[in-house]
Amino acid sequence: MKFTLPLPSNFSFWSTVYSHGWCVLPPFNVDKEQKRLNVVVPTRHNSMYHVSLYEEKKRLVVLVENSRQLTTAARFEVTKAISTMLRINESLDEFYVHAKKHPRYRWVSRRGAGRLLRSPTVFEDVVKMICTTNCSWALTEIMVAALTTKLGVHIQGDVYSFPTPNAIAAQSEPFLRKEIRCGYRAPFLLELSQRITNEDLSIEQWRTSDAPTEELFNEVRSVKGVGEYAAGNILKLLGRYDYLGLDSWCRGKFYEIFTKGRKVKDSTIEKHYAPFGKWRGLFLWMDVTKDWYEKEFPF
DNA sequence: GCGTCCAGGTCTACC
DNA sequence: GGTAGACCTGGACGC
């Protein structure tokens with residue numbers, strides 16, 4: 001089944017797809033030949049839709065690969081999920097006004113940069129973020145691939161959904177360590193999944209929470225395995241950019257761009273971005289990923 | 001091929 | 001509040 005969705009004038013599909021590494025972590029998958037983003041969209045009634053997305057004539061084409069017909073309710077849910085993932089209805093006008101004031105960031109609105117791709121659920125974003133901590137990107141890919149193929153639902157071909165909190169909570173710690181290769185992160189993933197299944201943590205409400213950012217940050221930090229870096233970046237995916245979420249890669253890029261490769265303290269980096277107020281985390285991300293936008297396929 | 005070392009964030013114990 | 005060490009894996013390196 002195929003339908004299209006309108007896109008705002010300042011929206012760039014490809015800039016959003018390649019806003020960070022999520023697009024290559026399953027169930028996301030990029031088809032470079034056809035310039036499509038493939039995703040698996042779960043719905044409330046446990047239906048899973050394998051969807052292929054691409055831009056055509058300023059509209060987003062939604063191709064549902066595993067269903068010929070969608071009910072009105074299912075189509076509404078799929079549309080809502082895609083809009084959430086691509087941040088289609090999130091206004092970045094204020095950010096772009098800010099960016100245009102600085103010659104260094106004039107390229108940002110021109111490229112339609114700033115919308116950070118996110119998963120259908122907050123749970124998926126948080127699990128993936130934990131899987132990026134203290135390891136190489138290659139290991140993150142191994143862990144996420146194992147989570148989907150061993151604990152997700154098979155959709156079609158080599159496509160699997162991302163596991164639910166229930167699916168992870170039902171596993172043993174040794175299984176997560178040995179089969180998912182997540183090592184010492186295993187108890188963190190188990191505790192997170194169990195807190196959600198026991199209804200001790202309403203993680204999906206974070207995206208619509210109107211709590212002050214600092215309060216939300218502390219709640220995100222209450223998840224074991226989520227430290228300063230992970231929480232800062234999870235917050236960016238919740239639409240809050242007050243924290244930098246620095247990791248070794250970001251620090252390295254900052255040194256390269258601003259200090260001729262000389263290491264500086266994190267507090268120096270924080271002072272550098274302080275003038276950007278609540279958008280500082282996004283301005284940092286624009287700096288460290290600027291060279292991505294000059295390539296068709298950054299990775 | 002094998003062993004050793006290192007990088008990568010977070011947690012916990014300790015001062 | 002700050003710091004050291006442990007956690008675990010893949011990759012680089014030397015032999």
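Letters A, B, ... mirror the listed sequences (proteins, then strands); counts begin at 1. All figures in this text were calculated on a predicted structure; none of them were measured in a lab.
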> Please walk me through it: do Tyr293(A) and Trp107(A) pass ring pair (Phe, Tyr, Trp, His ring centres under 6.0 Å)?
Replying inline: CA-CA 10 Å; Tyr293(A) 294 90; Trp107(A) 65 274; 5.2 Å; yes
> Does the distance from a Lys or Arg side-chain N to an Asp or Glu carboxylate O, for Arg44(A) and Glu77(A), drop under 4.0 Å?
Replying inline: yes
>> Measure CE/Met143(A) against C1'/dC8(C) and give the value in whole Å, please.
In response: 9 Å
> the helix from dG1(B)-dC15(C) to dC15(B)-dG1(C): angle between its terminal axes, five pairs each, to 10°?
Replying inline: 30°
> Going by the angle between their ring planes, with limits at 30° and 60°, are His20(A) and Trp22(A) parallel, tilted or perpendicular?
Replying inline: tilted
> In whole Å, what is the span from the CG atom of Leu176(A) to the P atom of dT9(C)?
Replying inline: 12 Å
> By a strict heavy-atom criterion of less than 4.0 Å, which residues belonging to residues 243-269 of chain A are in contact with DNA chain B?
Replying inline: Asp247(A), Ser248(A)
>> Between Glu296(A) and Lys35(A) (salt bridge meaning N to carboxylate O under 4.0 Å), is one present in this structure?
In response: yes
> Step by step, would you call Asp125(A) with Arg207(A) a salt bridge (charged side-chain N to carboxylate O under 4.0 Å, His left out)?
Replying inline: CA-CA 11 Å; Asp125(A) 278 338; Arg207(A) 280 181 185 163; 3.0 Å; yes
> Taking Phe283(A) as the fixed residue, which of Tyr105(A), Tyr96(A), Tyr273(A) is the one that meets the ring-ring contact (aromatic ring centres under 6.0 Å, His included) rule?
Replying inline: Tyr105(A)
> Residues from residues 183-192 of chain A sitting under 4.0 Å of DNA chain C, heavy atoms only?
Replying inline: Gly183(A), Tyr184(A)
> Between Trp137(A) (CH2) and dG9(B) (P), how many Å, whole number?
Replying inline: 13 Å
>> Tell me whether Asp247(A) is salt-bridged to Lys253(A), with the criterion being a basic N under 4.0 Å from an acidic carboxylate O.
In response: no
> In terms of side-chain geometry, is the basic nitrogen of Glu55(A) or Arg59(A) positioned less than 4.0 Å from the acidic oxygen of its partner?
Replying inline: no
> Whole-Å distance between dC11(B) P and Asn134(A) CG?
Replying inline: 11 Å
>> Under 4.0 Å, heavy atom to any atom of DNA chain B: which of residues 213-239 of chain A qualify?
In response: Arg221(A), Val223(A), Lys224(A), Gly225(A), Val226(A), Gly227(A), Glu228(A), Tyr229(A), Ala230(A)
> What's the verdict on salt bridge (charged side-chain N to carboxylate O under 4.0 Å, His left out) for Glu214(A) and Arg221(A), showing C-alpha distance, side-chain angles and the deciding distance?
Replying inline: CA-CA 10 Å; Glu214(A) 196 180 344; Arg221(A) 283 282 276 110; over 6 Å; no
Side-chain donor-acceptor pairs under 3.5 Å in residues 138-149 of chain A, sequence neighbours left out?
residue, atom, partner, partner atom, Å
Thr140(A), OG1, Cys131(A), O, 2.8
Thr140(A), OG1, Ser136(A), O, 3.4
Glu141(A), OE2, Trp137(A), NE1, 3.4
Thr148(A), OG1, Val144(A), O, 3.3
Thr148(A), OG1, Ala145(A), O, 2.8
Thr149(A), OG1, Ala145(A), O, 2.9

Detail all sub-3.5 Å separations between protein N/O atoms and N/O atoms belonging to nucleotides 10-12 of chain C.
residue, atom, partner, partner atom, Å
dG10(C), OP2, Arg181(A), NH2, 3.2

